[in-house]
Protein chains: 2
Amino acid sequence: MSTKRVEQLHAQGLRTRASLLEVAREAFEESRDVSLNSIAKRAGVGIGTLYRHFPTREDLVFELYRDQVQRLTRASGELLDEHSPQEAFRLWLERFARYAMTKAGLLEVLRTATAHGRFAQVGRGPVADAVEHLLVANQEAGTLRADLTADDVLLAVAGLYQLDPSAEDWERRAHRLLDLVLCGLRPRD
Amino acid sequence: MSTKRVEQLHAQGLRTRASLLEVAREAFEESRDVSLNSIAKRAGVGIGTLYRHFPTREDLVFELYRDQVQRLTRASGELLDEHSPQEAFRLWLERFARYAMTKAGLLEVLRTATAHGRFAQVGRGPVADAVEHLLVANQEAGTLRADLTADDVLLAVAGLYQLDPSAEDWERRAHRLLDLVLCGLRPRD
DNA sequence: TTGTTTGACGGAGGGTTCTCCGGATAAGTT
DNA sequence: AACTTATCCGGAGAACCCTCCGTCAAACAA
């Protein structure tokens with residue numbers, strides 16, 4: 001049967017893929033800049049195989065943090081359930097900042113994921129969707145300007161990507177930035 | 001005499017340095033991603049020589065746009081002479097955006113120059129100084145919140161670095177961003 | 001004039017990224 | 001069992017980045 005065959009063939013591919021991801025996760029925990037070469041070697045796989053599974057370095061890193069990003073985007077709904085739109089929005093932005101800073105690689109992922117690039121095209125990106133969700137709720141509540149788009153918001157908080165997670169003052173700077181942004185997004189008068 | 005000797009020795013170095021810069025400028029106009037190898041070759045110089053003059057790629061690019069950056073930073077004073085602090089601030093930010101977008105390489109330079117990195121340490125960077133200048137004038141006029149720092153401002157407009165100069169809508173997006181930022185920086189009530 | 005010093009030069013070399021294609025292996029076919 | 005096909009694997013190879021060090025020539029001193 002065709003489907004079984006596909007599964008079998010995939011089985012092999014999926015195994016090496018999983019192996020690659022596991023090795024990559026370990027490697028990235030040790031240091032941020034790992035050579036793809038070394039990952040392939042540590043996974044006991046040719047470099048060509050790695051590239052077939054993950055055509056670019058970004059693809060690999062993105063996959064590593066996929067669940068983290070998902071958890072973040074899902075949080076928008078949960079926060080809206082438990083808090084007022086205004087609070088939910090602020091809490092979500094703070095979580096966004098914390099996520100971006102905590103795991104070093106995530107920052108890069110979030111930046112490219114929110115930029116208008118390859119990832120953004122997929123339904124304009126899950127992150128943009130989460131923002132949109134929060135945005136609409138706040139606009140209906142009248143706590144955010146009605147003319148805003150998710151794009152506006154993501155651009156406004158882009159300063160987060162400039163922060164250096166290894167510096168101790170990133171938290172203070174991030175806090176100030178979010179304050180300014182939230183102030184600017186409020187309805188005029 | 002010692003100074004003459006230094007000048008003579010420098011003369012040689014300066015010539016190759018100038019040659020490198022000239023070639024680099026041409027090369028970068030053709031395409032953004034040029035190999036340092038090719039620049040060295042086109043300048044008729046060994047790759048080692050290039051690296052001695054410009055230890056990192058950033059150093060080279062930064063040098064290419066040094067005068068552009070200077071012109072931008074100087075504009076802060078001129079604008080303050082000719083306009084109200086508020087207008088000067090807005091006009092300067094718009095010029096900042098335009099500069100960053102027009103010359104492709106400049107965007108990268110401005111980002112690293114404003115980030116807290118190597119360049120920023122030198123007197124916290126000329127760009128930061130320009131912002132500081134405008135900021136103080138506005139705070140004295142009461143048109144910007146008194147607790148703001150240049151760092152805050154630069155973080156707030158960092159969204160500009162996310163824009164894609166080759167897309168047609170960057171101008172609209174930049175405009176919206178600046179609107180939001182200026183709104184957020186105004187004194188509360 | 002003949003060392004000697006000192007800065008500048010060139011490129012080999014090790015490590016990386018990414019591409020490309022021939023080889024292997026399993027599923028399906030006759 | 002022999003053959004075909006689809007899929008995956010591996011690594012050679014081209015291009016690049018950056019470092020390191022031996023060489024060279026100008027400037028100066030003896």
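Keep in mind that this is a model prediction, so the values were computed, not measured. Residue numbers start from 1 in every chain, and the chains themselves are labelled A, B, ... in the order their sequence lines are given, proteins ahead of strands.
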For D/dC8 and A/His53 - does any side-chain N or O of the residue sit under 4.0 Å from the phosphate oxygens OP1/OP2? no
If hydrophobic clusters are built from ILVMFWY residues whose side chains come within less than 4.5 Å, do B/Leu91 and B/Leu178 share one? yes
If you count the non-hydrogen atoms of other residues, nucleotides and ligands that lie under 6.0 Å from CD in B/Glu94, is the total more than 12? yes
C/dA8 OP1/OP2 closer than 4.0 Å to side-chain N/O of B/Thr16: no
Run the side chain to side chain donor-acceptor pair (under 3.5 Å) test against B/Glu63 and tell me which residues pass, sequence neighbours left out. B/Arg17, B/Arg66
Hey, is the side chain of A/Thr49 poking within less than 4.0 Å of OP1 or OP2 on D/dG10, counting only N and O atoms? yes
Using the rule side-chain contact (heavy atoms from CB on, under 4.5 Å), only one of B/Leu160, B/Leu107, B/Val69, B/Leu72 pairs with B/Tyr99; which is it? B/Leu72
Atom CD of residue position B/Glu22 - does it have more than 12 heavy atoms of other residues, nucleotides or ligands inside 6.0 Å? no
Rounded to whole angstroms, how far apart are CZ on B/Arg17 and C1' on C/dG7? 16 Å
May I have the distance from A/Lys41 (atom NZ) to D/dG10 (atom P), rounded to whole angstrom? 13 Å
Output one line per pair: protein atom, nucleotide atom from nucleotides 15-18 of chain D, and distance, for all N/O pairs under 3.5 Å.
residue : atom : partner : partner atom : Å
D/dC17  : OP1  : B/Arg57 : NH1          : 3.4
D/dC17  : OP2  : B/Leu36 : N            : 3.2
D/dC18  : OP2  : B/Tyr51 : OH           : 3.0

Tell me every residue that passes ring pair (Phe, Tyr, Trp, His ring centres under 6.0 Å) with A/Phe96, counting only those two or more places apart in sequence or in another chain. A/Trp92
